[in-house]
Amino acid sequence: QKEVEQNSGPLSVPEGAIASLNCTYSDRVSQSFFWYRQYSGKSPELIMSIYSNGDKEDGRFTAQLNKASQYVSLLIRDSQPSDSATYLCAVNRDDKIIFGKGTRLHILP
Amino acid sequence: DGGITQSPKYLFRKEGQNVTLSCEQNLNHDAMYWYRQDPGQGLRLIYYSQIVNDFQKGDIAEGYSVSREKKESFPLTVTSAQKNPTAFYLCASRTTGQGWAGELFFGEGSRLTVL
C-alpha cells in the first residue's frame with residue numbers, strides 16, 4: 001500500500017462548480033497534512049495545511065480531515081480556469097513529509 | 001527578500017559525471033528537504049535534515065549524497081551511481097517544533113538533464 005494515494009485524474013469540472021479532490025494515507029501516526037498546487041514546470045505552492053479533524057476554510061478552499069478514516073480532501077468552490085493545475089497531497093510523519101502523485105484538475109470554461 | 005534559492009536552474013551533465021545542486025535559504029528554517037520529480041509524477045523524497053550536521057535518507061537516496069554544514073545550506077550531489085538522474089529537483093525548507101503544522105516552502109527547482 002502506498003503511503004499517500006491520490007486519483008491521478010484528470011478531473012474535469014465546469015467553471016463555477018465545486019471541485020473535490022481526495023487523498024488517503026496509510027500511516028495512522030501521521031501528524032499534519034497539506035495541499036499544494038503545482039502548475040506545469042513550476043514548483044509546488046502551499047494552499048492549505050490541516051492537522052485537526054474537521055474542516056478548515058480559507059477563501060474558496062476547504063480542507064477536510066478525517067483521521068479515523070485516514071482521509072484528507074480539498075474542496076474548491078466557484079472553480080476558475082486559473083485553478084487548472086496538479087494538486088498534491090502531502091503527509092507529515094515524524095518530520096518525513098511524503099507526497100502523493102497528484103491529481104490533475106482541469107476547469108472547463 | 002526571504003526565500004529559498006536553488007542553482008543552477010538548468011544543468012546538463014554527461015553520463016559518469018557527478019553534479020552538485022545548490023540550495024540556500026534565508027528563512028531561518030531548521031529543516032530542509034530534497035525531492036525529485038519525474039514527468040507526470042509526484043515528489044519523491046531523497047534526503048532531509050532537521051538540524052545542522054544531521055540528515056536522514058528518504059525513499060530514493062541511492063546514488064545521491066548531501067551535507068548540512070550550515071543551517072542555511074543543503075547541497076545535493078547527484079553521483080554517477082544514480083541510474084536515471086534526469087529529473088526536476090526541488091529543495092524545500094520548513095519550521096519545526098510542537099504546535100506548528102510546519103509547511104514546506106519550495107525553491108524554484110533545478111532541472112537536470114543527462115546527455
Side-chain angles (χ1 to χ4, degrees), chain A residues 1-10 21 23-27 30-54 56 58 61 63 65 67 72 85-106, chain B residues 3-7 9-10 21 23 25 27 29-51 54-61 68 74 87-111 113:
Chain A
Q1 183 182 7
K2 293 178 182 168
E3 290 191 67
V4 181
E5 293 205 62
Q6 298 181 254
N7 188 321
S8 62
L21 303 161
C23 172
T24 57
Y25 60 95
S26 60
D27 196 329
S30 299
Q31 296 130 339
S32 49
F33 308 86
F34 311 93
W35 283 101
Y36 286 82
R37 177 176 62 199
Q38 187 178 28
Y39 294 113
S40 181
K42 302 294 186 183
S43 59
E45 51 184 340
L46 179 73
I47 299 175
M48 295 192 69
S49 60
I50 186 167
Y51 53 92
S52 299
N53 276 328
K56 180 180 178 183
D58 184 0
F61 299 97
L65 174 61
K67 289 187 177 181
V72 189
T86 296
Y87 289 79
L88 300 165
C89 172
V91 173
N92 180 3
R93 174 173 55 84
D94 294 331
D95 295 322
K96 183 181 181 183
I97 301 179
I98 301 299
F99 284 77
K101 290 190 173 183
T103 299
R104 283 181 296 139
L105 175 65
H106 181 49
Chain B
I4 302 169
T5 301
Q6 289 187 242
S7 62
K9 283 189 168 50
Y10 299 94
L21 307 180
C23 179
Q25 56 99 359
L27 300 167
H29 285 170
D30 293 306
M32 298 186 73
Y33 296 72
W34 274 105
Y35 291 90
R36 167 184 173 140
Q37 188 173 36
D38 294 284
Q41 300 296 312
L43 278 61
R44 292 187 290 167
L45 182 62
I46 306 173
Y47 271 98
Y48 60 112
S49 168
Q50 304 307 300
I51 56 173
D54 189 33
F55 48 82
Q56 291 78 39
K57 292 182 179 180
D59 297 321
I60 57 163
R68 187 86 187 277
F74 192 41
F88 187 41
Y89 290 88
L90 288 157
C91 179
S93 69
R94 61 188 281 264
T95 57
T96 58
Q98 291 186 342
W100 288 89
E103 301 96 346
L104 279 175
F105 293 91
F106 285 88
E108 292 189 341
S110 293
R111 198 169 295 277
T113 302

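Computed from heavy atoms alone, side chains included, the values below leave out hydrogens, waters and symmetry copies. Within every chain, numbering begins at 1; the chains are lettered A, B, ... in the order of the sequence lines, protein sequences first and strands thereafter.
Heavy-atom pairs under 4.5 Å with chain B were tallied for A/Gln31, A/Lys101, A/Lys42; the largest tally goes to A/Lys101. Between chain A and the residues B/Arg44, B/Arg111, B/Gln37, B/Gln56, the largest count of heavy-atom pairs under 4.5 Å involves B/Gln37.
Taking each heavy atom of B/Gly42 and A/Leu88 in turn, the nearest pair found is CA-CD2, 4.3 Å. Nearest heavy-atom pair across B/Phe88 and A/Gly41 is CZ-O, 4.2 Å.
Interface residue B/Gln50: only side-chain heavy atoms are found under 4.5 Å from chain A. Residue contact with chain B, scored on non-hydrogen atoms closer than 4.5 Å, involves the side chain of A/Gln38 exclusively. Both the backbone and the side chain of B/Leu43 come within contact range of chain A, judged by heavy atoms closer than 4.5 Å.
Using a 4.5 Å heavy-atom threshold, the side chains of B/Tyr33 and A/Ile97 count as touching. Counting heavy atoms from C-beta outward, B/Arg94 and A/Asn92 have side chains that approach closer than 4.5 Å. Residues A/Tyr36 and B/Leu104 are in side-chain contact: their nearest non-hydrogen atoms beyond the backbone lie under 4.5 Å apart.
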